[in-house]
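Some notes on the structure that comes next.
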Number of protein chains: 2
Amino acid sequence: MDTEAVEKVVRMPSVKRLPGYLCILRRFQMQGRELVSTTHLAEEIGLAPIVVRKDLEITGITGKPKVGYPVPELIEGIENFLGWNNATDAFLAGVGCLGSALMGYQGIRNNGLNIVAGFDNDPAKIGSTVHGRSILPLKKLPDLVRRMHVRIGILTVPADAAEEVAQMMISAGIKGIWNFTTVDLKTGPDIVVQKEDLSSGLAALSVKLKRAKEKKEEETES
Amino acid sequence: MDTEAVEKVVRMPSVKRLPGYLCILRRFQMQGRELVSTTHLAEEIGLAPIVVRKDLEITGITGKPKVGYPVPELIEGIENFLGWNNATDAFLAGVGCLGSALMGYQGIRNNGLNIVAGFDNDPAKIGSTVHGRSILPLKKLPDLVRRMHVRIGILTVPADAAEEVAQMMISAGIKGIWNFTTVDLKTGPDIVVQKEDLSSGLAALSVKLKRAKEKKEEETES
DNA sequence: TTTTTATCGATATATTTTTATCTATTATAC
DNA sequence: GTATAATAGATAAAAATATATCGATAAAAA
Ligand SMILES: NC(=O)c1ccc[n+]([C@@H]2O[C@H](COP(=O)([O-])OP(=O)(O)OC[C@H]3O[C@@H](n4cnc5c(N)ncnc54)[C@H](O)[C@@H]3O)[C@@H](O)[C@H]2O)c1
Ligand SMILES: NC(=O)c1ccc[n+]([C@@H]2O[C@H](COP(=O)([O-])OP(=O)(O)OC[C@H]3O[C@@H](n4cnc5c(N)ncnc54)[C@H](O)[C@@H]3O)[C@@H](O)[C@H]2O)c1
């Protein structure tokens, strides 16, 4: 029985902006700041205050007029909303250039994800460690996923192996794939795939630069 | 005097999806396919056909009913729209884990960006090469930007150096910064910054996973 | 105390983006 | 040739997202 379930709509753009606030808030906390207003947060992150206020709404934390939000509560609220309070284990497949960079990246761990081990099919890599985490043979992935109840897989294999390795992950019980390959994975509806697409970022940069250039040329003419 | 300028609005979401189509189209071309329909493209990329058709509109390429679009023209149209036909030179600052991965990544070169050199302030790295490109002292960046008329800078330095290095780039004449740090750069309005934010992707993954889990639990209950 | 100012939180409006509908076109099958 | 099915392209509707407005509230200043 839905006892007045407040149908809270979570907007994805807001969700994606939360880590940015979190990063700034953590810095503020280290500086000993107790309170922060959306005005100030907005200035730091380069957005309009109204955007920030709307975004923070989804955490459920409330602020005080003329004062702002309590920094520690806000941090906890965001972490809590994102489920970043308790670290989640993840496996990474494809310990190449990008894969090892990710395995050593503190930013991921700070955001609630713990890359437990890397998997590869290169005999030269298997058995060694990267940033303190061991590289295991890909074959062992399914069994370990099951035994350790790992739900998140990070995919950094070459494109032609992506689909196959992803299927292996899913068969073993992985529920979410952080996909760094260019491949659009074909998965069932119960699997969550987050594709991290460098090329779309580059496309955005290219077009924005082109626009800026055109704009400048127009101004020069007039 | 605007002689009936067809005010073509470029939607950013469409721009960001173009590289995905491009990647698939290039594969099709290698397979010798001459034509492709939005229906088929949509299936490949996992989107609705209507989305694909709307997106391809901005390239100006037209298709034929019952047939589709000519693959080579479409590739050229997308590349042309994004300015990826002629490679653009770029400098990268901060040749660490991520920086060197990017310098060796063919995907960037395929998308019209040519990382000419890397810059660092670590004496141990300066003078060596990464994936065939030399690592130069950061000090030399401004002069080389001016001499080579480089307009794009890639920022992969640690967070605490980001603002400083970005300012150095901008002062030298860099117009677009591909920012991989967590820092929200403070720049003037004529500088284009594309922030590549891993944490927002992770946030999206976390929330989508949480949702999927809740949904499944609801289904199990009923 | 009263006024002023900053800021929250709610509501409303505008804009952007997605999705649907419909018509025209063209290759293919009959 | 004519019917049929697939699909482009235009237009319209719906949904999502961003932005603006405004009253309430709390702190600081007068
Ligand atoms: N290098 C980058 O900067 C970058 C950036 C964005 C995306 N990517 C993507 O990340 C992926 C990897 O790129 P990279 O540059 O790290 O390549 P890489 O060749 O350096 O690394 C690939 C790794 O995967 C391993 N591998 C190959 N086949 C495998 C398999 N079937 N199972 C398990 N491991 C396997 C290889 O042994 C290697 O260690 C590619 O899909 C690429 O498109 C790379
Ligand atoms: N490692 C990852 O997977 C990853 C992923 C996403 C974003 N990032 C971001 O990329 C940046 C670099 O990360 P990393 O893991 O490669 O770190 P890293 O420490 O491996 O590399 C940093 C490099 O920058 C150089 N450097 C330091 N100060 C400099 C300066 N003032 N000028 C020029 N060079 C300087 C260092 O010598 C080093 O080579 C960070 O801001 C990080 O948040 C990293």
Side-chain angles (χ1 to χ4, degrees), chain A residues 4 6-18 20-21 24-25 28 33-71 73-74 77-78 81 197 200 203-204 207-208 211, chain B residues 4 6-18 20-21 24-25 28 33-71 73-74 77-78 81 197 200 203-204 207-208 211:
Chain A
E4 271 186 61
V6 188
E7 195 59 47
K8 212 192 338 186
V9 269
V10 258
R11 279 164 299 128
M12 228 28 176
S14 290
V15 169
K16 289 192 174 176
R17 282 189 295 259
L18 289 182
Y21 305 129
I24 294 167
L25 288 167
F28 283 173
R33 289 192 55 160
E34 283 293 323
L35 295 160
V36 68
S37 70
T38 51
T39 317
H40 194 189
L41 254 182
E43 204 176 312
E44 280 287 322
I45 208 165
L47 292 168
I50 181 70
V51 177
V52 180
R53 211 171 311 149
K54 275 259 156 196
D55 288 347
L56 297 185
E57 234 173 43
I58 63 179
T59 65
I61 308 298
T62 57
K64 272 189 197 171
K66 179 83 184 191
V67 174
Y69 297 80
V71 172
E73 271 187 50
L74 208 44
I78 294 175
F81 177 82
D197 193 353
S200 66
V207 169
K208 284 191 277 184
R211 269 195 207 160
Chain B
E4 271 186 64
V6 190
E7 194 61 44
K8 212 192 338 184
V9 268
V10 260
R11 277 165 300 127
M12 227 31 180
S14 291
V15 169
K16 290 192 175 176
R17 282 189 295 258
L18 289 182
Y21 305 129
I24 293 166
L25 289 166
F28 283 172
R33 290 191 55 160
E34 283 293 324
L35 295 161
V36 68
S37 70
T38 52
T39 316
H40 192 187
L41 254 183
E43 203 176 313
E44 280 286 323
I45 207 164
L47 292 168
I50 182 70
V51 177
V52 180
R53 214 172 306 150
K54 275 258 154 194
D55 289 345
L56 297 184
E57 234 173 42
I58 63 179
T59 65
I61 309 298
T62 57
K64 273 189 195 170
K66 182 84 183 183
V67 175
Y69 297 80
V71 173
E73 270 187 52
L74 207 44
I78 294 175
F81 177 81
D197 193 352
S200 66
V207 169
K208 284 191 277 184
R211 269 195 208 158

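In this text, all values refer to a predicted model and were calculated from it rather than measured experimentally.
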Problem - Rounded distance (Å) that lies between atom C1' of D/dT7 and atom CG of B/L41 - result: 13 Å
Practice task
Quickly work out the B/E57 CD to D/dA10 P distance and round it to whole Å.
Solution key: 6 Å
Exercise for the section: Tell me whether the OP1 or OP2 atom of D/dA8 has a side-chain N or O from B/T38 closer than 4.0 Å. Expected result: yes
Practice task
Please map the stems of DNA chain D, keeping only stretches of three or more Watson-Crick or G-U wobble pairs with both distances under 3.5 angstrom.
Solution key: C:1-30 with D:1-30
Exercise for the section: Please report, rounded to the nearest Å, how far the P atom of C/dT7 is from the CD atom of A/E43. Expected result: 10 Å
Handout entry: Minimal non-hydrogen separation, B/I58 against B/V9, with atom names
Key = CG2-O, 4.5 Å
Please write out the pairs of protein N or O atoms and N or O atoms of nucleotides 13-19 of chain C separated by less than 3.5 Å, giving the distance to one decimal.
unit_1	atom_1	unit_2	atom_2	d
C/dT18	OP1	B/R17	NH1	3.1
C/dT18	OP2	B/R17	NH2	3.0

Problem - Qualifying residues under side chain to side chain contact (heavy atoms under 4.5 Å, CB included), relative to A/E73, sequence neighbours excluded - result: A/I61, A/P70
Fill in the blank from the handout: Rounded to whole Å, CG of B/L35 lies from P of D/dA8 at a distance of 11 Å
Practice task
Indicate yes or no: at least one non-hydrogen side-chain atom of B/L41 is less than 4.5 angstrom from one of B/Y69.
Solution key: no
Exercise for the section: To the nearest 0.5 Å, tell me how far B/S37 OG sits from B/K64 NZ. Expected result: 15.0 Å
Exercise for the section: For nucleotides 22-30 of chain D, just jot down a letter per nucleotide in 5' to 3' order: B, S or -, based on protein non-hydrogen atoms under 4.0 Å. Expected result: ---BBS---
Practice task
Quick one: closest heavy-atom pair of A/T38 and A/L56, and the distance?
Solution key: CG2-CD1, 4.3 Å
Exercise for the section: Only pairs at least two apart or in different chains count here, so list each ring pair (Phe, Tyr, Trp, His ring centres under 6.0 Å) that has a residue in residues 41-60 of chain A. Expected result: none
Would you be so kind as to tabulate the donor-acceptor pairs closer than 3.5 Å made by side chains of residues 10-17 of chain A, with sequence neighbours excluded?
unit_1	atom_1	unit_2	atom_2	d
A/R11	NH1	A/S14	OG	3.4
A/S14	OG	A/D55	OD1	2.6
A/R17	NE	A/D55	OD2	2.6
A/R17	NH2	A/D55	OD1	3.0
A/R17	NH2	A/D55	OD2	3.4

Completion exercise
Rounded to whole Å, NE2 of A/H40 lies from P of C/dT7 at a distance of 10 Å
Handout entry: Nearest atoms (heavy-atom pairs only) where B/A48 meets B/A42
Key = C-CB, 3.8 Å
Problem - Stepwise side chain to side chain contact (heavy atoms under 4.5 Å, CB included) check, B/L74 with B/Y21 - result: CA-CA 9 Å; B/L74 207 44; B/Y21 305 129; over 6 Å; no
Practice task
Report the distance from atom CG of B/L74 to atom P of D/dG9, rounded to the nearest whole Å.
Solution key: 11 Å
Handout entry: B/H40 vs B/F28, side chain to side chain contact (heavy atoms under 4.5 Å, CB included): CA-CA, chis, key distance, verdict
Key = CA-CA 11 Å; B/H40 192 187; B/F28 283 172; 4.0 Å; yes
Problem - Exceeds 12 heavy-atom contacts within 6.0 angstrom, atom NZ of B/K208 - result: yes
